Amino acid sequence: MAAVAGVRALQRLHQPGIFQRCFGLIPAQLTPTCLPRRLCTAPTGSKERKQPDTPENVSLVENLNLMGVDVKMVRLRQPGVLRKAFTNEQAVALFLDKKGAPTNMIASIISRYPRAITRSVQHLEQRWVLWRKIFNTDEEIMIVLYRSPESFFRTSNNANFDNNITFLTSLGLDTKDLHRLLTTAPRTFSNSLVLNKRMVAFLEEICAELGGNNPEQFPKAVISRNPYILIRSTKRVRTNIDILRASLMLSNSELLHLFQGPGAEIMDLSSECLKNNFLSLEQKMVAVGCQKADIKKLILSFPMILFIGKDTLSSKLDCLLKGGITMEQIVRKPKVLEYSTQNISGRLEELKRVGYDFQDKGINVLDSSQKRFDAKIERLDA
């Protein structure tokens with residue numbers, strides 16, 4: 001019942017003038033329909049105590065409950081927020097409301113990232129302007145903000161955020177690239193500029209070490225394909241390069257070609273995961289009669305296979321082999337391994353039903369969209 005009351009209280013705020021009066025934007029006496037008392041939560045004492053046993057700010061908890069915020073979730077995620085003497089929950093709610101967020105969305109955002117209520121409206125307005133350098137509309141921003149509140153509220157350093165946009169743009173990354181970075185790896189923009197520059201300089205060094213002719217373009221090629229690279233450590237990337245070089249006996253030119261293409265996506269994989277997945281792939285392929293050259297060819301043409309865990313990979317390969325596909329065909333067309341075992345199994349059954357000959361016609365049909373696959377079956381079934 002308390003949660004329902006909170007939602008209803010916030011819904012009433014959308015009546016003309018009420019939301020503004022509640023936050024002091026229109027001089028008026030506060031009414032019972034408004035969020036409680038003030039723009040910001042008032043201190044519970046003359047000074048906020050910093051000891052671990054600092055009690056929760058009772059009036060803040062009351063405000064959040066009235067706003068429909070899940071206080072239990074706040075306590076689990078960022079409990080220190082509830083002990084703050086001064087917060088900005090109502091102003092943050094008004095800011096989001098003006099940007100088009102409904103009351104339940106506002107409550108969800110604060111529940112999942114409570115530190116949002118520590119930001120000033122001035123800071124949020126500045127941040128919004130910076131995001132509009134990347135997104136075309138306010139609606140696009142709200143979609144990302146709701147999906148990942150941390151990406152918008154995490155850092156309070158707008159100058160650093162702006163500097164990162166300028167730096168990344170200077171690498172040749174366009175708005176589409178920045179959009180992808182912000183939606184998939186938002187921590188890139190809250191990294192210090194120094195940290196991002198360090199990774200870029202490291203990537204340039206790698207390119208030079210591998211004999212690349214244009215090290216300045218290499219970071220752009222990698223970041224465009226792997227938006228997570230800037231939130232990883234240079235040590236991890238270096239370790240992965242060494243693992244791949246030693247495991248596959250790759251030359252510098254082969255490594256460079258790999259990382260300028262799809263292989264960029266495995267540069268930031270957990271080194272332990274990379275090592276384990278390579279070993280399980282090697283063991284499985286050797287067990288079915290493949291040579292080292294086959295393993296190398298498979299990984300160079302489809303490096304994403306190194307994201308597939310041991311059991312999943314074994315299940316997919318077994319399914320294909322039992323369905324009459326050879327390892328030679330898989331090595332030539334490895335993207336079939338992108339599909340789930342269930343999907344592969346279902347397609348094999350359909351193709352078997354219509355008498356499809358893989359040895360004669362190949363396995364391209366397995367690596368097609370569902371729409372094209374269904375159309376193919378329909379033609380073969382006619």
Side-chain angles (χ1 to χ4, degrees), residues 143 147 176-177 179-180 183-184 221 224-228 244 247-248 250 254 257-267 269 273-274 276-382:
I143 289 171
R147 187 171 69 231
K176 182 179 178 181
D177 295 319
H179 187 286
R180 187 174 179 221
T183 53
T184 58
S224 296
R225 287 184 173 272
N226 186 346
Y228 301 100
L244 290 167
S247 301
L248 297 174
L250 296 176
E254 286 174 324
H257 181 73
L258 176 66
F259 296 140
Q260 286 176 329
E265 297 189 51
I266 62 172
M267 290 179 77
L269 188 61
C273 183
L274 177 65
N276 290 339
N277 287 354
F278 172 78
L279 287 175
S280 64
L281 172 64
E282 182 180 45
Q283 291 169 359
K284 183 66 178 181
M285 290 186 69
V286 168
V288 295
C290 291
Q291 304 298 315
K292 295 258 184 184
D294 297 320
I295 301 170
K296 180 176 179 178
K297 181 179 179 181
L298 177 61
I299 293 175
L300 289 179
S301 62
F302 183 56
M304 296 299 288
I305 196 172
L306 292 174
F307 277 95
I308 305 175
K310 178 180 178 179
D311 293 341
T312 302
L313 177 64
S314 182
S315 174
K316 289 181 179 183
L317 289 175
D318 287 344
C319 181
L320 288 165
L321 294 172
K322 289 177 182 176
I325 313 299
T326 67
M327 274 306 304
E328 182 182 1
Q329 289 175 309
I330 296 171
V331 170
R332 286 202 306 266
K333 298 289 182 181
K335 285 193 174 182
V336 67
L337 295 170
E338 287 185 334
Y339 296 90
S340 68
T341 304
Q342 183 178 4
N343 184 290
I344 293 171
S345 177
R347 290 189 173 193
L348 288 173
E349 288 179 10
E350 282 290 291
L351 291 166
K352 181 180 180 181
R353 183 180 61 80
V354 297
Y356 192 86
D357 187 344
F358 292 112
Q359 303 312 311
D360 180 47
K361 299 178 181 179
I363 66 170
N364 284 348
V365 65
L366 289 172
D367 180 23
S368 61
S369 68
Q370 190 62 46
K371 183 177 180 180
R372 288 186 177 182
F373 180 80
D374 290 342
K376 181 74 170 180
I377 293 295
E378 189 174 341
R379 289 196 300 272
L380 292 172
D381 222 4

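Values in this document were obtained by computation on a predicted structure and should not be read as measured data.
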Between CG on residue Leu348 and CG on residue Asn343, distance to nearest 0.5 Å: 9.5 Å
Minimum heavy-atom distance Asn277-Lys310, with the two atoms named: OD1-N, 4.3 Å
Steps toward side-chain contact (heavy atoms from CB on, under 4.5 Å) verdict (Met285, Val331): CA-CA 10 Å; Met285 290 186 69; Val331 170; 4.0 Å; yes
Leu258 side chain reached by Ile299 side chain, heavy atoms, under 4.5 Å: no
Rounded distance (nearest 0.5 Å) linking atom CZ of Phe358 with atom CG of Leu320: 8.5 Å
Nearest-0.5 Å distance that lies between atom CE in Met267 and atom CG in Leu274: 11.5 Å
More than 12 heavy atoms of other groups within 6.0 Å of His179 NE2: yes
Minimum side-chain heavy-atom gap Phe373-Leu351 below 4.5 Å: yes
Least distance between heavy atoms, Leu337 atom then Ile308 atom: O-CD1, 3.9 Å
Stepwise side-chain contact (heavy atoms from CB on, under 4.5 Å) check, Ile325 with Val336: CA-CA 11 Å; Ile325 313 299; Val336 67; over 6 Å; no
Leu298 and Leu281, any side-chain heavy atoms less than 4.5 Å apart: yes
Heavy-atom side-chain proximity of Thr183 to Ile143 below 4.5 angstrom: no
Ser314 to Lys284 - nearest heavy-atom pair and separation: OG-NZ, 3.4 Å
Nearest heavy-atom neighbours spanning Phe302 and Glu338: CZ-CG, 3.4 Å
Side chain proximity check, Asp367 to Lys333, heavy atoms < 4.5 angstrom: no
Flag if over 12 foreign heavy atoms under 6.0 Å of CD, Glu378: no
Qualifying salt bridge (Lys or Arg N to Asp or Glu O under 4.0 Å) pairs with a residue from residues 341-356, counting only residues at least two apart or across chains: Glu350-Arg353, Arg353-Asp381
Between CD on residue Gln370 and CD1 on residue Ile377, distance to nearest 0.5 Å: 9.5 Å
Chi angles and distances behind the side-chain contact (heavy atoms from CB on, under 4.5 Å) call for Leu250, Lys296: CA-CA 9 Å; Leu250 296 176; Lys296 180 176 179 178; 3.5 Å; yes
side-chain contact (heavy atoms from CB on, under 4.5 Å) evaluation trace for Met327 with Asp294: CA-CA 9 Å; Met327 274 306 304; Asp294 297 320; over 6 Å; no
